[in-house]
Amino acid sequence: MEKLGAQFPLISISMLIPTLGSFFVVLLPERFTKGISLISTGITFLISLYSLTLFDFSKGDVVQFYEHYPIIPELGISLSLGLDGLSMLMYLLTTLVSLVAVLWSVRDKQINHRIKEYFLWFLLTESFLIGVFASWDLIVFYVFYELTLVPMLFVIGIWGYKLRLYSAYKFFIYIFISSLFLLLGTVSLAVQHYKLFGRFSFSYFDLMNNDYPLGLGIFLFMLFFIAFAVKTPIVPFHTWLPDAHGEAPTAGSIVLAAILLKMGTYALFRFNIGLFPKVVAFLMPILVLWGIFSIMMASWFTISQKNLKRFVAYSSISHMGFVVTSMFLLNLEGFRASIMEMFAHGLTSASLFMIAGFIYNRLHSFNMDALKGSAKFMPLFAIITVITAYSSMGLPGGSSFWGKFLTVLSAREYTTQLALLVIAGAFFSVIYMLYLMKVLFLDTKEESRLVHFADIRGFKLSAFLLLVIPMFMVGLLPSLFFNIFDMSVKKLLLYVMHKLIGG
Amino acid sequence: MDYMGFLIFLGVMLVLSLLLISLNSLLGPKTPESMEDYPYECGVPLYDLSAQSTFHQGYYLLGLLLLLFDIEAAFLFPWTVVYKHLGVFGFVEMFLFVFILTYGLLYAWRRGALDWQFEEEVFER
Amino acid sequence: MEGLLSALIIIGIKILVILAIVLGVGAYLTLVERKVAAHIQRRPGPMVVGWHGLLQPLADGLKLLTKEDLFPRYGNKFLYNLAIVMALVPASLVFAVVPFGPEFEVFGIRVKPILTDVNVGLLLFFALGSLAIYAIALAGWASNSKYALIGSMRKAGIVISYEVVITFALMGPIILAQTLSTYSIVQQQIEQKLWYIWLQPVAFVVYMFAMLAETGRVPFDIQEAEAELVTGFTVEYGGMKFGLFPLVEWYVETLSLSAIAVVVFLGGWSPINIPFVGFIDPLFFLGPLSPFVWFVLKVSLLFLFVLWLHWTLPRYRIDQITSTAWKVMLPLTLVNLVFTAIIAPVVWR
Amino acid sequence: MELRDLIGSIEFPKMALIIPELIVLLTGFLIFTLDLIFKRANYRLYTWISVVGYFMAMLYIAFNPSLSGSTFYGLYVRDYFSSFLQFFMILLTIFVLAFTYHYYKQKLSLYREFYYILSFALVSAMFLASSYNLITLYVALEGVSISFYILTALLRGDFNAKEGAFKYLILGGLSIALASYGAVFMYIYAGSLDLQKILTYSGQNKDLLILGLVFFLIGFAIKIGAVPFHFWLPDAYQGAPTPITAYMASVGKLAFFAPVVRIMPLVQEHFAYAWVITVGIISAMTMLYGNLVALVQKDVKRLLAYSSIAHSGYILAGIAVAKAIGLKAVLYFLVAYALMGAGSFLLLALLERNPQWENRMEEFSGLRFSMPWIAVSFMIFMFSLLGVPPSVGFVGKALVFTALSFDRLWWLAFVMILSTGISTGYYVRLVVLTFMKESSKSIKVESSFAEKVVIFVLTLSVVILGAVPIIIWSFASQSADILFKR
């Protein structure tokens with residue numbers, strides 16, 4: 001892949017600003033904390049928007065803003081940062097959601113102690129996440145991938161709800177152990193590169209040239225896949241997620257659902273498909289069916305939840321199923337669907353968690369029975385809820401529509417039966433959303449108790465708006481977003497096909 | 001061959017000593033009495049049939065010191081014999097060795113390893 | 001074959017001579033001691049058996065032989081008897097490395113009046129000396145009596161301490177002589193025209209102390225301590241078995257250690273030595289016998305010196321004895337060693 | 001050979017090579033002399049003398065890193081490898097010294113012997129890192145071990161200390177016996193005591209060599225604490241005064257691993273398979289056992305002791321790969337563990353100064369509120385031990401994985417993943433307790449300036465050396481290359 005060197009270390013700067021902010025948070029007294037956090041995340045978001053203007057869309061497949069600092073030359077490890085179309089989108093999502101999370105936390109009732117630490121962890125998370133999406137060196141990727149665990153461990157464990165310690169523990173253990181497989185896989189790739197070319201390299205660009213016998217390829221693929229399947233999560237590996245998402249504070253859930261899950265799918269897309277094209281082609285049927293299975297199972301799990309947060313968490317799993325399914329369909333529509341769904345889900349799931357958190361602030365419960373009809377008395381909030389729910393459901397005009405639609409389209413390229421299966425999955429995901437809407441709007445219970453709620457306003461409203469507006473943009477103007485990543489997706493597809501035919 | 005005389009002498013002495021041991025039982029009277037082989041003490045029945053129980057740990061300390069110094073002496077003997085040929089190098093080496101040895105002795109002395117018999121008993125009140 | 005036979009005969013004769021010394025002279029030394037002690041204390045001593053008690057040792061021996069053979073009830077029989085063997089054999093074997101005089105020629109055969117002239121003679125002496133500790137420890141342990149155990153432990157502690165001292169004390173002369181062979185040491189002294197006592201007075205004094213301690217002579221006879229311990233570790237032995245211990249300890253060992261002292265410090269069989277002058281031999285009229293006479297004379301003098309000390313001095317406590325060994329004797333010998341190493345080149349010339 | 005020839009062949013040793021050892025030794029002797037002279041011990045003076053002496057030795061090594069050569073007829077070898085290890089040994093000893101005085105004072109166990117025994121242990125450890133000769137190794141091994149036995153028991157009236165020291169003594173004696181048996185077999189095989197000659201010798205009786213090597217390795221495995229020869233380690237580590245535990249876990253590990261690492265390049269074709277299988281299986285058992293047992297510990301010191309066993313397993317996994325990449329990984333991991341182990345135990349030593357502290361796991365709860373910076377530092381050490389990037393622990397593990405994948409030892413890699421996974425349990429539990437639980441009991445300890453500096457430096461080094469691994473890597477890589485070229 002080609003690289004376009006950066007005139008100015010834009011990505012490093014945008015990684016450094018939150019870190020710098022976190023330093024100030026530690027050093028300065030507590031009353032400055034929230035301001036500093038808002039400013040640094042805001043600046044980072046603005047930088048990401050600015051970088052979007054600098055981004056050369058006609059060369060979406062080229063890695064732009066490329067920076068390269070060697071770490072261990074002998075082993076070919078270097079801090080190489082850069083953005084291609086796909087990373088650009090994720091980078092945007094990261095900065096946006098981080099800003100939203102901080103905005104939300106400013107007025108969150110749950111965050112009433114150890115405020116400095118809380119914002120410190122969020123700022124650090126943002127830095128690490130940018131690192132994850134921008135790094136082109138597998139070891140550096142791994143470093144950031146692991147590092148995001150630490151802040152989340154603390155966020156869940158300190159500011160979470162009742163079962164927070166158990167959940168934090170479980171979250172950390174699941175992800176950490178699974179990512180050890182990733183570490184083994186990563187170094188094995190470098191060793192394979194050494195055996196083929198006589199030098200170690202962890203650079204993505206070099207590793208793409210590797211060639212494997214099918215057996216070894218499947219082995220390495222599985223090492224990567226286990227890690228990302230747990231992170232994504234795909235159904236049998238998902239059990240950490242409801243606990244972690246359910247017990248985390250609202251902002252934590254936002255970051256977890258909107259970005260951390262995307263790390264898994266992003267990495268599946270980038271590494272499992274990019275580095276093992278032959279293996280993916282070989283395993284494609286299994287992986288696709290697995291994805292569909294994941295959608296259906298997760299949907300059923302979702303409907304049976306009583307806890308609103310766990311409900312939303314399970315819905316994330318089913319959405320991730322779409323992402324995985326469409327990704328492994330290995331055609332242009334599939335890839336596009338997958339990435340659009342990632343972005344869209346980032347927006348909607350964040351919004352859904354905020355809704356849950358908002359209601360909790362009012363009612364101090366996540367129990368669906370207790371929430372019945374609660375949206376009725378807060379008109380602004382109700383509107384936002386409806387928009388979010390429809391977006392999530394995949395209604396045309398909503399953000400998830402393109403993901404689901406294109407998935408069906410790309411499945412149809414193989415067989416109609418497959419497309420029908422996908423549609424069945426989509427159908428289930430509609431059911432649980434409708435169920436949620438029904439609970440929030442149609443059911444009623446002791447109305448008099450609910451009337452006194454104040455409607456949403458101020459920081460929280462702005463946080464919602466930051467998510468709802470892009471939702472509309474995705475739904476109504478999809479070409480804006482397709483433009484960002486289309487080139488790189490096409491390039492990847494070409495590469496995969498080339499490998500399949502040529503190799 | 002040098003040691004033949006020594007070995008013969010050893011054999012002779014062994015035989016002789018065995019002879020001397022057995023002479024009593026050959027020549028002496030045999031008048032068994034019930035208490036004649038009772039351990040020599042004050043004449044009251046023994047409180048404790050075995051005397052081989054414990055003894056002062058100072059003896060162990062002496063044993064350890066002997067081990068240390070005898071081994072070091074074993075190192076010094078070859079040196080003493082060839083010292084004439086070693087010259088200044090040999091002197092320095094030996095001096096260091098003896099120096100360390102002396103240090104060990106001083107340490108033992110300083111820590112009271114040499115006054116073990118009648119150390120003051122401390123009674124905690 | 002003939003060489004071997006004659007060698008065997010010579011060895012046999014030497015062994016007989018040594019045995020005569022060990023048992024005959026050793027036994028008669030009891031009388032000497034009693035007499036000397038008596039005269040020091042202004043009393044006549046044994047006077048009944050024979051003229052001035054000359055047959056007293058024989059009578060004692062007979063008495064010891066005709067005692068009943070007893071064995072302590074709770075003891076260990078094997079170790080009990082082994083202790084005696086371990087006491088007698090090493091102590092006597094020391095005489096194997098004692099040179100009684102210079103090489104001479106009888107009937108055309110050259111004879112060295114030393115049983116085993118090996119180049120590690122002194123090492124052999126140290127080894128045999130260390131074995132004596134086993135006899136003591138075993139005797140006390142096997143008897144299984146409190147007095148015996150305490151006595152044996154004390155004695156073992158003393159022997160252990162002074163073993164080290166003796167070893168280090170003898171290192172000075174070895175440096176000067178550059179050999180471990182007892183015969184050669186004497187030869188070296190004659191060649192260098194110097195008794196090593198002149199250069200090693202400290203070592204000699206220390207050696208003498210160690211000798212007193214090893215043989216359990218006053219002032220270091222705490223293990224016997226008749227008043228407290230009823231002859232210490234031998235309390236459970238009877239008859240000849242009892243007789244052997246003092247024989248070995250007081251006489252055989254004293255003799256052998258004196259002999260070694262004479263060999264190492266006093267020039268062995270050489271006549272009187274005056275530094276820077278040489279040897280003066282007042283006994284020149286004895287001809288070839290004079291070296292032997294000198295040797296016997298020196299050993300006897302040392303022995304009498306020990307007896308003299310024995311009957312004049314009080315006794316020390318056990319901790320005083322051992323701490324003397326470690327705190328005074330050992331540092332002295334170490335200093336002496338370094339000192340010798342410095343002056344040795346002068347002696348070698 | 002005639003005596004005269006023998007004496008004539010005496011060479012004057014190249015003193016420049018052993019100056020660091022000499023300095024350390026003389027430091028010990030100086031303290032010893034002062035101790036003999038003065039009636040009352042001046043502990044502050046002793047500490048300063050030690051620190052200055054060690055520092056000089058360290059500077060000498062730092063300024064002459066490429067000094068190399070062998071002297072004393074090949075008994076002693078200085079090369080890049082030994083300089084590298086010795087530097088860290090001295091550095092960590094200085095760190096440990098910072099914690100000793102207050103600790104012993106609090107435990108009422110001030111012994112002046114400590115200062116010179118420490119220096120003798122250090123000298124022996126340094127010698128252990130710089131020899132191919134079995135005799136030197138034997139003597140140095142004894143030196144380190146005996147010093148450790150004594151240091152372990154230096155707590156007045158503490159039953160655990162005595163028990164630990166006694167177990168250590170017994171098993172340490174066994175290990176030395178086994179190692180010397182191994183040495184004997186190797187000597188019979190090759191007629192030489194030089195490991196280089198032994199292992200490159202092509203004799204008839206290969207079984208003898210393998211037998212000797214296995215015995216030799218088992219001897220060292222006991223010292224290292226590899227399962228199934230680990231029984232002394234938890235007791236000794238728990239019983240020892242905690243600064244000494246830190247010392248054993250850092251300098252001791254470096255020292256005991258050094259000879260094993262040093263013979264890695266000498267592994268020959270004909271016993272490479274035996275090497276991989278033996279070391280690999282021991283490593284797998286060590287990792288699994290250490291982590292599994294650590295998981296159920298209630299006492300933090302014992303837990304860290306078991307984690308030390310587990311880390312021995314990780315290092316052994318690297319040693320199983322007898323190639324340059326394996327050696328580099330092992331060197332990095334060794335230094336990494338030395339830093340982490342020293343840091344975590346020293347933190348415990350600091351906390352133990354509070355009389356209420358009993359090393360129970362629950363006592364960590366609420367530490368974040370009473371001693372926030374100590375808590376942060378503890379967290380960093382725990383994460384580093386676990387292998388969370390960007391810490392030295394992570395880089396070490398990644399390098400070991402690289403080495404394993406280089407040799408296609410997948411099974412060992414999976415065992416390592418599994419055991420690391422198990423270790424997540426207890427490391428994270430400690431972090432969770434420290435930061436997320438609150439406790440009514442607030443434990444505070446006043447720490448001296450030196451202690452603060454040491455903790456800060458160790459914590460920072462764990463992060464910095466992990467984030468910029470080239471600092472250690474370049475040295476490790478260079479010394480591995482030099483060893484392999486030999």
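These values consider heavy atoms only, across backbone and side chains, with no hydrogens, waters or symmetry-generated copies. Nothing here was measured: the structure is a model prediction, and the numbers come from that model. Each chain gets a letter, A, B and so on, in the order its sequence line appears, and its residues count up from 1.
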How close do D:P389 and A:V143 get, counting heavy atoms only, and between which atoms?
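Taking every non-hydrogen atom into account, CG-O, 3.5 Å.
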
Non-hydrogen atoms of A:P73 and D:I470 that approach each other most closely:
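Distance-wise, the nearest heavy atoms are CD-CD1, 3.5 Å.
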
Please look at D:F435 and chain A and tell me whether the side chain, the backbone, both or neither of the residue comes under 4.5 angstrom of a heavy atom of that chain.
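Contact with chain A is through both the backbone and side chain of D:F435.
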
Contact origin within D:F369 toward chain A - heavy atom pairs under 4.5 Å:
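For D:F369, the contact with chain A is made by the side chain alone.
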
How about [X] and [Y]: do any of their side-chain heavy atoms sit closer than 4.5 Å?
X: A:F176; Y: D:V388; result: yes
X: D:I325; Y: A:L75; result: yes
X: A:L153; Y: D:V428; result: yes

Can you say whether [X] sits under 4.5 Å from chain D via the side chain, the backbone, both, or neither, judging by heavy atoms?
X: A:F219; result: side chain
X: A:I77; result: neither
X: A:F144; result: neither

For D:K437, is the NZ atom crowded, meaning more than 12 foreign heavy atoms sit under 6.0 Å from it?
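Open.
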
Can you confirm whether more than 12 heavy atoms, excluding those of A:F197, are under 6.0 Å from its CZ atom?
yes

Got a second to check how far [X]'s [atom1] is from [Y]'s [atom2], nearest 0.5 Å?
X: A:I72; Y: D:K328; atom1: CD1; atom2: NZ; answer: 10.5 Å
X: A:L149; Y: D:L386; atom1: CG; atom2: CG; answer: 9.5 Å
X: D:M436; Y: A:I156; atom1: CE; atom2: CD1; answer: 9.0 Å
X: D:F401; Y: A:T186; atom1: CZ; atom2: OG1; answer: 10.5 Å

Taking every non-hydrogen pair under 4.5 Å, which of A:R114, A:E146, A:K195 racks up the most with chain D?
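The candidate making the most pairs under 4.5 Å is A:R114.
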
For residues 402-422 of chain D, give me every residue with a non-hydrogen atom less than 4.5 Å from any non-hydrogen atom of chain A.
D:T402, D:S405, D:F406, D:R408, D:W410, D:A413, D:F414, D:I417, D:T420, D:G421

Where along residues 471-479 of chain D does a heavy atom come under 4.5 Å of chain A, listed by residue number?
D:W473, D:S477

